[in-house]
Amino acid sequence: MTFHVLTLFPEMIKQMVSHSILGRAVSSGFFSVNAVNIRDFSGNKHGQVDDAPYGGGAGMVMMAPPVYDAWASVAERKPRTIYLSPQGRTLTQSLAQELAHAPELILLCGHYEGIDERVIEEIVTDEISIGDYVLTGGEPAALVLIDAIARLLPGVLGKEASHQNESFGAELGGGLEYPHYTRPPEFRGRCVPEVLLSGHHGKIAEWRQRESAERTRLRRPDLVEQKSKD
Ligand code: ADE
């Protein structure tokens with residue numbers, strides 16, 4: 001899978017995908033990230049990519065031509081083009097799973113007051129928000145999306161990784177994951193639940209299912225309600 005990221009800050013994108021699990025996965029060729037600097041397509045010697053809004057008001061608007069030309073430079077195979085914006089559909093695990101099947105995605109990061117609406121109409125196929133709050137730019141949202149998708153790609157988390165048994169996964173009925181413990185068996189008077197030391201796999205699986213259901217009911221009743229409607 002290749003992510004093409006259209007941005008005014010390519011270093012932000014390159015930095016994050018050069019570390020930890022994502023960095024290793026990129027080095028191993030499990031996915032790649034192509035950060036495209038929109039400023040390279042400004043078409044003027046000052047590198048100007050924004051201008052005052054028609055109709056007046058505060059802030060600057062990113063101009064349509066540089067955004068379009070940056071997009072056209074990577075859009076040969078017409079992949080889905082995602083604009084990161086608080087007005088988009090909210091990112092969920094199932095949306096990340098759907099997008100993980102794409103061979104290529106283009107992510108468009110906005111800045112200033114926004115992007116000229118005409119280029120959004122022209123190139124964007126999906127608008128995605130990472131939550132109901134406003135960021136200064138789309139880059140952190142693009143990085144969240146890349147992380148959520150990349151960890152689902154074959155090889156990225158290693159062979160044993162199962163996405164069924166984690167929060168929002170199918171094995172836990174789309175609910176939250178159960179708690180985890182490791183050594184020591186007692187920490188500041190808090191003991192590891194007996195059943196986890198029992199070696200009884202059936203009982204352990206049952207306990208984990210129960211803990212997951214209880215957590216979901218207490219912390220995310222909205223997920224329980226949603227499931228009853230599905
Ligand atoms: N850009 C600014 N705020 C955003 C958000 N909440 N999600 C995605 N992109 C954004």
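All values derive from a computational prediction rather than experimental measurement. Counting begins at 1 with the first residue of the sequence. Just follow the structure's listing: the first ligand is 1, and inside any ligand the first atom is 1.
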Can you pull every nitrogen or oxygen pair between ligand 1 and the protein closer than 3.5 angstrom?
residue	atom	partner	partner atom	Å
ligand 1	3 (N)	Leu135	N	3.0
ligand 1	6 (N)	Gly131	O	3.1
ligand 1	6 (N)	Tyr133	O	2.8
ligand 1	7 (N)	Ile130	N	3.0
ligand 1	9 (N)	Ser85	N	3.1

Original post:
Thinking salt bridges, do Glu166 and Arg151 make one under a 4.0 Å N-O criterion?
Top reply: yes

Subject >> Presence of salt bridge, Arg89 and Glu127, under 4.0 angstrom >> reply: no

Original post:
Looking just at side-chain N and O atoms, do Thr2 and Ser32 make a donor-acceptor pair shorter than 3.5 Å?
Top reply: yes

**OP:** Not counting sequence neighbours, which residues clear side chain to side chain donor-acceptor pair (under 3.5 Å) with Thr92? List them please.
**Re:** Ser94

Original post:
Applying salt bridge (Lys or Arg N to Asp or Glu O under 4.0 Å), which residue pairs with at least one partner in residues 114-124 are found, sequence neighbours left out?
Top reply: Asp116-Arg118

Subject >> Listed partners of Pro53 passing side chain to side chain contact (heavy atoms under 4.5 Å, CB included), at least two apart >> reply: Val61

